[in-house]
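Just follow the structure's listing: the first ligand is 1, and inside any ligand the first atom is 1. The structure displayed is predicted, hence computed values, not measured ones.
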Amino acid sequence: MLAGKHILLIIGGGIAAFKSLDLIRRLRERGAQVTPVLTRAGEEFVTPLSVSALAGHKVFRDLFDLGDEAEMGHIQLSRVADLLVVAPATADLMAKMTQGHANDLASTLLLATDTPVLLAPAMNVRMWEHAATQRNLTTLRGDGIAVVGPNEGDMACGEFGPGRMAEPMEIVAAIETRLADGPLKGKRVLVTSGPTHEPIDPVRYIANRSSGAQGTAVARALAALGAKVIFITGPADVAPPDGVEVIKVQTAQEMLGAVMGALPADAGVFAAAVADWRVASASDRKLKKTKDGLPALEFTENPDILKTVSQLKTGRPALVVGFAAETDDVIENATAKRKRKGCDWIVANDVSPNTGIMGGSENDVTVIDADGAEDWPRMGKEEVARKIAARIAQALG
Ligand code: CTP
């Protein structure tokens, strides 16, 4: 239900704008208050009168409408809502958002807001698949903006493919998910994930087999419980989740910098498989084969991010969770690791090659805290993530 929730609905200029009329109706049936904003292009597809009649609210159309500014300035308008929904989100609006333009009411509201944003893109299939739009989509997702659709099917322009706006009820479901008052609402949680790449020279690096699957699943599960998640990821195989702020890094040193810059936080989950060592003096030129024999690489130790954060004198998150990838004596080693690093919990897993866990879809974990070890049955990484998120919610409760 959406009773008492306030949605600011921006209707962009596309044929799918007619579906937004139904969306307004569905939202109001569920008790939401809808404040509509119609772009100039949107007015070509639906009339301000039908929008305001269905919303039961005045339509905002122009940045320089002084009457509106006196009643409610655009800054305030962008912030009173619980969620900004852009439906249809056109290719042009997405490009404006990516660039941070503020040259009309819709783009200004989107730039001025600190409220979560949900986009329902709708456009011709070629426009959707164009590298520019896909680039913008990646940037917007990285900014923590959630996206629903588009769906695949016949399009008004006569083509077929992805680009149709999600159906009103799908948008309603996405809105309900975004507005769910989870137990982690108001909490800020950092999650590190993926491998790090430590350069040898401009073309070679040292890495590990982490896919980023477990850290990504934890970030998704935390966001689903309402947390504001800062997701700091090395070059992972899996895409970052929706609705989190993404910070991409390559090396352990960059990851440490990003983590320190993202503090303070209520909790930190350190799921990244950080390289323990880096090449002491990575070459800025490609190493060449020589007659004088093989190149000798000298290593130096990387900063331990988990340990650094766990042992902070000021600004330490209330809950610090580490992971331990072990191949032998899992519980013994992980228990010792928890003490050595100073974190609150260690989620230990056996990454022996025969388990198929590193890079696989399942995990077999034991959670170690001050009270001892809790062994969980083998299950999917998403399920492990949900259990970890629920345990974090309980601890921060
Ligand atoms: N970790 C970290 N920074 C590092 C190394 C590890 O933050 N430079 C974190 C990982 O994200 C994980 C935990 O420390 O949460 C344990 O990682 P693991 O690789 O199992 O431990 P190591 O510190 O490498 O210990 P060892 O090599 O002795 O197993």
Participant: Among all protein heavy atoms in this structure, tell me which lies nearest to atom 10 (C) of ligand 1, with the distance rounded to 0.1 Å.
Facilitator: A272 O, 3.3 Å
Participant: Any Lys/Arg nitrogen of D304 or K341 sitting under 4.0 Å from an Asp/Glu carboxylate oxygen of the other?
Facilitator: yes
Participant: Below 4.5 Å, heavy atoms only, C-beta onward: do I232 and M255 meet side chain to side chain?
Facilitator: yes
Participant: Give yes or no for whether the N/O distance cutoff of 3.5 Å, strictly under, is met between G322 and ligand 1.
Facilitator: no
Participant: Is any side-chain N of the basic residue among K381 and E362 closer than 4.0 Å to the acidic one's carboxylate O?
Facilitator: no
Participant: Measure the distances from the heavy atoms of K307 to every atom of ligand 1 and state whether one is below 4.0 angstrom.
Facilitator: no
Participant: Kindly confirm or rule out an N or O of L306 lying under 3.5 angstrom from an N or O of ligand 1.
Facilitator: yes
Participant: Above 12 or not: heavy atoms from other molecules or residues under 6.0 Å from CZ of F45?
Facilitator: yes
Participant: Salt-bridge test for D344 and R316: reply yes if a basic N is under 4.0 Å from a carboxylate O, no otherwise.
Facilitator: yes
Participant: Is the closest N or O pair between T192 and ligand 1 shorter than 3.5 Å?
Facilitator: no
Participant: Does K341 reach ligand 1 with a nitrogen or oxygen that is under 3.5 Å from one of the ligand's nitrogen or oxygen atoms?
Facilitator: yes
Participant: Just wondering, are more than 12 heavy atoms of other shown residues or ligands nearer than 6.0 Å to CD in E29?
Facilitator: yes
Participant: Counting only heavy atoms not in R126 (residues, nucleotides, ligands), do more than 12 fall under 6.0 Å from its CZ?
Facilitator: no
Participant: Distance to 0.1 Å, residue and atom name: give those for the protein heavy atom nearest to atom 15 (O) of ligand 1.
Facilitator: F270 O, 2.5 Å
Participant: Looking at ligand 1, does K337 have a heavy atom less than 4.0 Å from it?
Facilitator: yes
Participant: Within ligand 1, which atoms have a heavy atom of A324 less than 4.0 Å away?
Facilitator: 20 (O)
Participant: Report yes or no: does E301 have a heavy atom closer than 4.0 Å to ligand 1?
Facilitator: no
Participant: Using a cut-off of 6.0 Å, state whether more than 12 heavy atoms not belonging to E152 lie near its atom CD.
Facilitator: yes
Participant: Is the closest heavy-atom distance from P303 to ligand 1 below 4.0 Å?
Facilitator: yes
Participant: What residue and heavy atom of the protein are closest to atom 3 (N) of ligand 1, and at what distance?
Facilitator: I305 N, 3.0 Å
Participant: Could you check atom 28 (O) of ligand 1 against the protein and tell me its nearest heavy-atom contact, residue, atom and distance included?
Facilitator: R340 NH2, 3.7 Å
Participant: Looking at N363, D364, T366, which hits side chain to side chain donor-acceptor pair (under 3.5 Å) with N349?
Facilitator: N363
Participant: Checking contacts here: is it the side chain or the backbone of D276 that comes within 4.0 Å of ligand 1, counting heavy atoms only? Could be both or neither.
Facilitator: side chain
Participant: For R30, does the CZ atom sit with more than 12 other heavy atoms under 6.0 Å from it, leaving out its own atoms?
Facilitator: yes
Participant: I'd like to check whether V274 has a polar contact with ligand 1, where a contact means an N/O of the residue lying under 3.5 Å from an N/O of the ligand.
Facilitator: no
Participant: Does the protein put any heavy atom within less than 4.0 Å of atom 20 (O) of ligand 1?
Facilitator: yes
Participant: Looking only at protein heavy atoms, which one is nearest to atom 13 (C) of ligand 1, and what is the separation?
Facilitator: F323 O, 2.9 Å
Participant: When you check the gap from the basic side-chain N to the acidic O, do E374 and R391 get nearer than 4.0 Å?
Facilitator: yes
